[in-house]
Peer 1: 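Questions regarding the structure given below will be posed in turn.
Order of the sequence lines fixes the chain letters, A, B, ..., with proteins taken first and strands second; residue numbering starts at 1 for each chain.
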Amino acid sequence: MKNQEIAHIFTGIADILEIRGENPFRIRAYRRAAQNIEGLAEDVTGIHEAELKKIPGIGQDLADKIQEYIKTGHLVFYEKLKKEVPSGLVEMLHVPGLGPKTVKMLFEKIKIIAIDDLERLAKKGGLKGLPGIQKKTEDNILKGIAMIKRRTERSPIGHVLPVAEDILRKLKEGAPVKELSLAGSLRRWKDTVKDIDVLASSKDPEYVMHVFIRLPQVKEVLMKGPTKTSIITHEGIQVDLRVVEEGSFGAALAYFTGSKAHNIRLREMAVKRGLKINEYGVFNIKTGRKIGGRKESDIYKALKLDFVPPELREDTGEIEAAVYKRLPDLVELDEIRGDLHVHSKDSDGSLRIEEIIDEARKRGYQYIAVTDHSKSLGIARGMSKEQLLDQNKKILSFNKRLRGLRLLSGVEMDIKSDGTMDYPDEVLKKLDIVVASIHSGFRQSRAQLTKRLVSAMKNPHVTIIAHPTGRLIGEREAYEVNMEDILTTAKSTGTAIEINAYPLRLDLGDMYIKRAKELGIKLAISTDTHVAYQFDFMRYGVGIARRGWLGEKDVLNTYTYKELMKHCRVKQFKIRTTV
DNA sequence: GCCGTTTTCGGCCCGACTGTTTTCAGTCG
């Protein structure tokens, strides 16, 4: 998939043009195009020129550049630019506090072309006296370089959200806030987030800030003003707090929730209607009169749009859908009726069946599947055929006594490197549910890996393909598969695809989920729980599902027990009659 | 460089904070 590469090149072009001080709108065009290509589920390689231009932000010129890169493997325009601007300057742009103007100045005045040189000089105090640079700026540049060396990368949402919720609780207790909410990518449930955005309304913003910078979580205060303050937590996560008046809370919430691309679209629409939108409200440009802003919905009403849930605000079609009243009714956490991927003590989990039952009851589930590892996965104490059949009997006997909850007898079956299944059909057919997944041979070719998943889906007993790309966010790249082939096979065989809610996985990712929905595939949101608290990962899975535009009907585990079992039988029938 | 409910040319989102300045440029989100 060349999407990432092309997005990377366009971003690189934008950086270089920025250093050269070129037309900001041209720069924005490259950035917007990069973002839209990156968010594409389809491989650009397979898209024809006429279709390329239908991607928002791609016109004739960028379509040509994309084609050139696909055909030749490089882009002459970019190669030329790179020769003119040293790569070290582009790196310097990533230092917080350093922007294109300063980088350009440093290059022109004292020929700095690398971060290391800049750091050495700043430490000696050699930057003072340059245009616009005195002691403070020099210190800030050093701080910025230190920060980039600590590498504050994006963190999985599952690591950041609990920190954010803790800060929210403390602010609610100790600060005079009226309304309080998370904003930014955290509120949009992105799989990874860079920082925590918090919005509050208050009559005494100064005091709110006073409380905020004294929270026990605070390691360092980056900046402090009456409406905007930023800190770094001990975990190294940046938290931005904005405080506004009550009458502006809705407008501010919309503004700070983003995404940036979504906001820009809203504001452009506003201008065309003679309105202005900022974080304080919606205003009539001519009269200056405020026509809304207390509630977030005011913004959408003013533009005659349906309310867009935060998870959809990425400018990937949600605005058009809001215009034509075609936004989906998104799946909710309380519509989930069960968890279809859970490990017990019988393989590498820590839970006894009794404990799994308790946890399911606590969450009001109708059913819960026990899906331990299969024999090939020795490292996870995978079960032999005999052990699996024993467990199956145990579950049947539990079910005789259970009321209002069904234990599903299942397995997480390894799809072996040669593409064969870990158990024969006569074993699988005794189970309620079979979750199949890849745990080995990640480095096989794209074709081989795709073939393994496809052959698993063609098995009549395989209900769900688990964590279909194998990615571990920040730790392991997804293995290479032809996702389009996998999704079309899922459709034709009636196999569901898992959205693994484990924070490091969140696999499928949102852009593929959206594509899966277009194809009419069912998705199962599962936690892959090994330890009790992990049942609560469900909310991350639901968040990502919502980002993929899923409604209740798209999600297999919103089905009742009866509907779920019927779904499995339909697949078995379908395969037997077509093979 | 993109794009079209005023437009195929001339627009293109908006404001807070910081530091270096005497009114503002640069950076960030």
Peer 1: Are the side chains of A:E51 and A:K54 in touch, meaning some heavy atoms are under 4.5 Å apart?
Peer 2: yes

Peer 1: Heavy atoms under 4.0 Å, any strand shown: does A:S230 hit a base, just sugar-phosphate, or nothing?
Peer 2: nothing

Peer 1: Heavy atoms under 4.0 Å, any strand shown: does A:L266 hit a base, just sugar-phosphate, or nothing?
Peer 2: nothing

Peer 1: Hydrogens and angles aside, do A:Q60 and A:K53 bring a side-chain donor and acceptor to less than 3.5 Å of each other?
Peer 2: yes

Peer 1: Does any N or O donor sit under 3.5 Å from an N or O acceptor when you compare the side chain of A:Y255 with the base of B:dG29?
Peer 2: yes

Peer 1: Find which nucleotide of DNA chain B each of A:R26 and A:D195 is nearest to by heavy atoms, and output the residue with the more 5' nucleotide.
Peer 2: A:R26

Peer 1: Please report the distance, rounded to the nearest Å, between CD in A:Q238 and C1' in B:dC17.
Peer 2: 13 Å

Peer 1: Suppose you measure atom C1' in B:dT7 against the same atom in B:dC2; what distance do you get, rounded to whole Å?
Peer 2: 13 Å

Peer 1: Between A:K53 and A:G132, which has a closest nucleotide on DNA chain B that is more 5'?
Peer 2: A:K53

Peer 1: Strictly below 4.0 Å: does A:T227 bring a side-chain N or O up to OP1 or OP2 of B:dC17?
Peer 2: yes

Peer 1: For a 4.5 angstrom cut-off between non-hydrogen side-chain atoms, does A:F107 reach A:I113?
Peer 2: yes

Peer 1: My understanding is that a pair needs two contacts under 3.5 Å, Watson-Crick or G-U wobble. By that rule, which nucleotide pairs with B:dT18?
Peer 2: B:dA25

Peer 1: Classify the nucleic acid contact of A:K135 as base, sugar-phosphate or nothing, counting any heavy atom under 4.0 Å across all strands shown.
Peer 2: sugar-phosphate

Peer 1: Sticking with atom C1', work out how far B:dG10 lies from B:dA16, rounded to a whole angstrom.
Peer 2: 30 Å

Peer 1: Can you tell me which nucleotide in B:dA16, B:dG1, B:dC13 comes closest to the side chain of A:E268?
Peer 2: B:dC13

Peer 1: So, is A:N278 close to the B:dG15 phosphate, meaning a side-chain N or O under 4.0 Å from OP1 or OP2?
Peer 2: yes

Peer 1: What is the distance, to the nearest angstrom, from the CD1 atom on A:I319 to the C1' atom on B:dC13?
Peer 2: 13 Å

Peer 1: Which part of the nucleic acid does A:V244 contact within heavy-atom distance under 4.0 Å: base, sugar-phosphate only, or nothing?
Peer 2: nothing

Peer 1: Considering only atom C1', compute the distance from B:dT22 to B:dG11 and round it to an integer number of Å.
Peer 2: 34 Å

Peer 1: Whole Å only: how far is the CG atom of A:L275 from the P atom of B:dC14?
Peer 2: 11 Å

Peer 1: How would you label the contact of A:P226 with the nucleic acid (heavy atoms, under 4.0 Å): base, sugar-phosphate, or nothing?
Peer 2: sugar-phosphate

Peer 1: State which of B:dC13, B:dG1, B:dG19 makes the closest approach to the side chain of A:T137.
Peer 2: B:dG19

Peer 1: I want to check something: taking the side chain as every heavy atom from C-beta on, are A:R31 and A:T11 in contact at a cut-off of under 4.5 Å?
Peer 2: yes

Peer 1: Can you check whether A:A252's main-chain N or O pairs, donor with acceptor, with A:S248's side chain at less than 3.5 Å?
Peer 2: no

Peer 1: Counting side-chain heavy atoms from CB outward, which of B:dC2, B:dG19, B:dG26 is closest to A:K136?
Peer 2: B:dG19

Peer 1: Would you indicate what A:R265 reaches in the nucleic acid, counting non-hydrogen atoms under 4.0 angstrom: base, sugar-phosphate, or nothing?
Peer 2: nothing

Peer 1: Any side-chain donor paired with an acceptor under 3.5 Å for A:E318 and A:H262?
Peer 2: yes

Peer 1: Would you say the base of B:dG1 and the side-chain of A:N23 have a donor-acceptor pair closer than 3.5 Å?
Peer 2: yes

Peer 1: In whole angstroms, how far is the P atom of B:dG29 from the CG atom of A:L241?
Peer 2: 16 Å

Peer 1: Taking B:dG26 as the reference, what is the distance to B:dT20 when you measure between their C1' atoms (whole Å, please)?
Peer 2: 11 Å

Peer 1: By nearest atom, which of the nucleotides B:dG19, B:dC13, B:dC2 is closest to the A:N140 side chain?
Peer 2: B:dG19

Peer 1: Can you check the A:K228 NZ to B:dG15 P distance for me, whole Å?
Peer 2: 14 Å

Peer 1: How would you label the contact of A:P100 with the nucleic acid (heavy atoms, under 4.0 Å): base, sugar-phosphate, or nothing?
Peer 2: sugar-phosphate

Peer 1: The side chain of A:A29 lies closest to which of these nucleotides: B:dC17, B:dG1, B:dG19?
Peer 2: B:dG1

Peer 1: Roughly how far apart, to the nearest Å, are B:dT5 and B:dG1 at atom P?
Peer 2: 23 Å

Peer 1: Considering only atom P, compute the distance from B:dT27 to B:dT21 and round it to an integer number of Å.
Peer 2: 15 Å

Peer 1: Counting any heavy atom closer than 4.0 Å, what does A:I27 reach on the DNA or RNA strands: base, sugar-phosphate only, or nothing?
Peer 2: nothing

Peer 1: Using atom P in both nucleotides, what's the gap between B:dT6 and B:dC12 to the nearest angstrom?
Peer 2: 15 Å

Peer 1: Between B:dC13, B:dG26, B:dG15, which nucleotide gets closest to the side-chain atoms of A:Y280?
Peer 2: B:dG15

Peer 1: Is any side-chain heavy atom of A:V103 closer than 4.5 Å to a side-chain heavy atom of A:V95?
Peer 2: no

Peer 1: Write down the distance separating the C1' atoms in B:dG29 and B:dC13, rounded off to the nearest Å.
Peer 2: 12 Å

Peer 1: What's the CG-P distance between A:L106 and B:dT27, to the nearest Å?
Peer 2: 10 Å

Peer 1: Starting from C1' on B:dC28, measure out to NE2 on A:H94 and report it in whole angstrom.
Peer 2: 14 Å

Peer 1: In whole angstrom, give the distance that lies between atom CD1 of A:I264 and atom C1' of B:dC12.
Peer 2: 10 Å

Peer 1: Nearest to the side chain of A:Q134 - B:dT20, B:dC2, B:dA16?
Peer 2: B:dT20

Peer 1: Should A:W189 and A:L161 count as side-chain neighbours, where that means a heavy-atom distance under 4.5 Å?
Peer 2: yes

Peer 1: Return the nearest nucleotide to the side chain of A:K276; candidates are B:dT27, B:dG15, B:dC12.
Peer 2: B:dG15

